[in-house]
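Heads up, the thing below is written out as structure tokens.
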Amino acid sequence: MKITKTFITISIISLWITNLSAQSFGLRDLSPLNVQSGEAQAMESFEESFAFERKIDPNVYILGPGDELGLNILTSENITYPLKVTPTGDLFIPSVGVVHVAGYTLTQAISNVKDYIHTHAYPGAKVNLVLVNVRVFKIQISGAVNKPGFVKVNPMERLSDIVIRSGGFHQLAREFDTKIIRNDGQKITVNYVGYLREGDLGENPMFQEGDRIYVPFAEMKNEGIVLRGAVAGSGYDIIEPNETLGAFLERRVKFNKNADLENVIITRKVNGGKILIEIAPQEFFSTKLHAGDTIDILWEKGVMVNGFVLTPGGFGFFPGYVAADYISMAGGNTPSGNPNRCTVKHRDGTVERGQEVVIRRGDVIVVPRTIKDTIIGDMSALHIVVSLATVYLTYLATL
């Protein structure tokens, strides 16, 4: 009989250990995928009147099909032609001939046209060639953008413009690993995050016909985090390798006006469970983010509810409310949670327990798992009986 009790005890302990290894301390508020806040308001139509960031450098600008030029030939008479580069890359000059200009810089094309006119038509003429309007062409963008496909651009526009017309980056995009395949076969990797953070235009290039853009998807397990609270565009996001909290907040987060940066909390997976880490502003740039982190930006001196509740996260402070009120605001406890054993951590470091604790600004409420659920998890009573009976019958069979 002692041996039977020993077998039953061992089986219960083994079931308890199995469930402990599988438990998940706390539920994440995984909002639907949203377009990044600044990119969500994508420009839907392409405007033909261009806005340039600076004047065009004729030594850099490369002509292509569709560019519009103005040609003036001053000889015994004043001749002016509006010209357009043909689909084959040529300029057809009436009464003069055809000059190939596509692929040349504007400076080179001006020189070639002058030489051609002087050689074939008007030896002593004064020739002026100017760029009147730039061409429009399509470029392909694929991968982790919200509207992959072909978009209209001009040679003076950058990656940021193309991303906007593609509906913005998908929230699982590896923006820091954007691939560009040039028309000549050259492959370039662009860290678009570097442009967002530091304004580096080298990470926000311009394009020519035939270039392609590919934005890889990230693996949520290895690179993903969750952002919640007093911010615009909460939900999933992707972090760079070794990115700090401060660097992430700089390039990604737009705070609501009542966000409390003195009260930032990271929920992190550790050894099968989860821990809460309170980060002070002076620690933002020394705190590295880990895949699976949940970042909570609380409302000004707000209250955080975590653990086994339906919608964990930050909530505004209401004087006189007790822990039970905030647990209700978080959707109530899950079937696995025990609100009666909840803990309340105050900003001064003291801890109280129970649903009737009066909540102060900045408190953190954690609803733990029930003891019963910790031991048996999601197993039904029938499952437990069957498991114990199997162990017992196995023991009898060995006698």
Side-chain angles (χ1 to χ4, degrees), residues 43-141 149-166 180-186 188 190 199 201-213:
M43 188 165 52
E44 293 297 327
S45 62
F46 183 78
E47 297 182 355
E48 294 297 336
S49 56
F50 307 123
F52 299 133
E53 64 186 55
R54 62 177 185 273
K55 68 178 183 179
I56 291 177
D57 184 348
N59 295 311
V60 175
Y61 186 85
I62 298 175
L63 291 173
D67 278 324
E68 298 176 15
L69 300 105
L71 174 64
N72 177 253
I73 304 172
L74 184 59
T75 180
S76 59
E77 56 182 323
N78 193 356
I79 305 171
T80 300
Y81 295 116
L83 302 175
K84 193 170 187 177
V85 181
T86 67
T88 57
D90 301 313
L91 271 186
F92 175 70
I93 306 173
S95 303
V96 176
V98 176
V99 184
H100 189 77
V101 294
Y104 291 101
T105 66
L106 181 55
T107 298
Q108 291 170 332
I110 291 171
S111 177
N112 292 346
V113 169
K114 284 183 178 181
D115 290 344
Y116 190 89
I117 291 174
H118 288 156
T119 302
H120 295 85
Y122 304 102
K126 182 177 180 181
V127 179
N128 292 299
L129 182 69
V130 297
L131 181 65
V132 175
N133 208 349
V134 298
R135 66 193 181 277
V136 175
F137 56 92
K138 288 185 177 182
I139 192 167
Q140 183 186 24
I141 181 168
F150 288 88
V151 296
K152 288 182 178 181
V153 297
N154 70 64
M156 300 304 294
E157 293 185 295
R158 297 183 177 275
L159 175 61
S160 53
D161 302 302
I162 297 173
V163 168
I164 288 174
R165 293 200 188 100
S166 301
I180 297 174
I181 302 92
R182 295 291 188 191
N183 194 31
D184 60 4
Q186 181 186 9
I188 302 171
V190 171
L201 290 178
E203 306 294 351
N204 189 21
M206 297 177 181
F207 297 86
Q208 296 291 326
E209 294 95 326
D211 289 348
R212 290 176 290 127
I213 305 168

Contacts of Asp211 that satisfy salt bridge (Lys or Arg N to Asp or Glu O under 4.0 Å) - sequence neighbours left out
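For Asp211, the residues satisfying salt bridge (Lys or Arg N to Asp or Glu O under 4.0 Å) (neighbours in sequence not counted) are Arg182.
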
Just by distance, do the side chain of Asn204 and the backbone of Arg158 share a donor-acceptor pair under 3.5 Å?
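Checked: no pair found.
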
Quick check against the 3.5 Å criterion: does Asn154 have a side-chain atom that pairs as donor or acceptor with the backbone of Met156?
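Judged by distance alone, yes, a pair lies under 3.5 Å.
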
Side chains of [X] and [Y] in contact at under 4.5 Å (non-hydrogen atoms):
{"X": "Ile180", "Y": "Pro205", "answer": "yes"}
{"X": "Val113", "Y": "Leu69", "answer": "no"}
{"X": "Asn112", "Y": "Val101", "answer": "no"}
{"X": "Pro94", "Y": "Leu83", "answer": "yes"}
{"X": "Val190", "Y": "Ile213", "answer": "no"}

Between atom [atom1] of [X] and atom [atom2] of [Y], what is the distance when rounded to the nearest 0.5 Å?
{"X": "His100", "Y": "Thr88", "atom1": "NE2", "atom2": "OG1", "result": "7.5 Å"}
{"X": "Ile79", "Y": "Ile117", "atom1": "CD1", "atom2": "CD1", "result": "9.0 Å"}
{"X": "Leu106", "Y": "Ser111", "atom1": "CG", "atom2": "OG", "result": "11.5 Å"}
{"X": "Tyr81", "Y": "Asn72", "atom1": "OH", "atom2": "CG", "result": "10.5 Å"}

If you compare all heavy atoms of [X] against all heavy atoms of [Y], which two are closest, and at what distance to 0.1 Å?
{"X": "Val136", "Y": "Lys152", "answer": "CG1-CB, 4.0 Å"}
{"X": "Phe137", "Y": "Phe207", "answer": "CZ-O, 3.6 Å"}
{"X": "Thr105", "Y": "Pro58", "answer": "CB-O, 3.7 Å"}
{"X": "Val132", "Y": "Gly70", "answer": "CG2-N, 3.4 Å"}
{"X": "Gly210", "Y": "Asn183", "answer": "CA-OD1, 3.7 Å"}

Can you name the side chain to side chain contact (heavy atoms under 4.5 Å, CB included) partners of Lys55, sequence neighbours left out?
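Applying side chain to side chain contact (heavy atoms under 4.5 Å, CB included) to Lys55 gives none.
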
Mind checking what makes side chain to side chain contact (heavy atoms under 4.5 Å, CB included) contact with Tyr116, not counting sequence neighbours?
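Testing Tyr116 for side chain to side chain contact (heavy atoms under 4.5 Å, CB included), a comparison that skips the adjacent residues, returns Val96, Val99, His120.
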
Pairs satisfying salt bridge (charged side-chain N to carboxylate O under 4.0 Å, His left out), at least one member in residues 110-134, at least two apart
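Those involving residues 110-134 do not exist here.
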
Inter- and intrachain pairs under salt bridge (charged side-chain N to carboxylate O under 4.0 Å, His left out), touching residues 73-89, at least two apart:
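Residue pairs passing salt bridge (charged side-chain N to carboxylate O under 4.0 Å, His left out), neighbours aside: none found.
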
Identify each donor-acceptor pair in which a side-chain atom of residues 59-68 lies under 3.5 Å from a protein atom, sequence neighbours left out, and give them as a table.
| unit_1 | atom_1 | unit_2 | atom_2 | d |
| --- | --- | --- | --- | --- |
| Asn59 | OD1 | Thr107 | OG1 | 2.8 |
| Tyr61 | OH | Asp67 | OD1 | 2.6 |
| Tyr61 | OH | Asp67 | OD2 | 3.3 |
| Tyr61 | OH | Arg135 | NH1 | 3.0 |
| Asp67 | OD1 | Arg135 | N | 2.8 |
| Asp67 | OD1 | Arg135 | NH1 | 3.4 |
| Asp67 | OD2 | Gly64 | N | 2.9 |
| Asp67 | OD2 | Arg135 | NH1 | 2.5 |

Show, in sequence, the C-alpha distance, side-chain angles and deciding distance for Ile73 and Leu71, and conclude whether the side-chain contact (heavy atoms from CB on, under 4.5 Å) test is met.
CA-CA 7 Å; Ile73 304 172; Leu71 174 64; 4.1 Å; yes

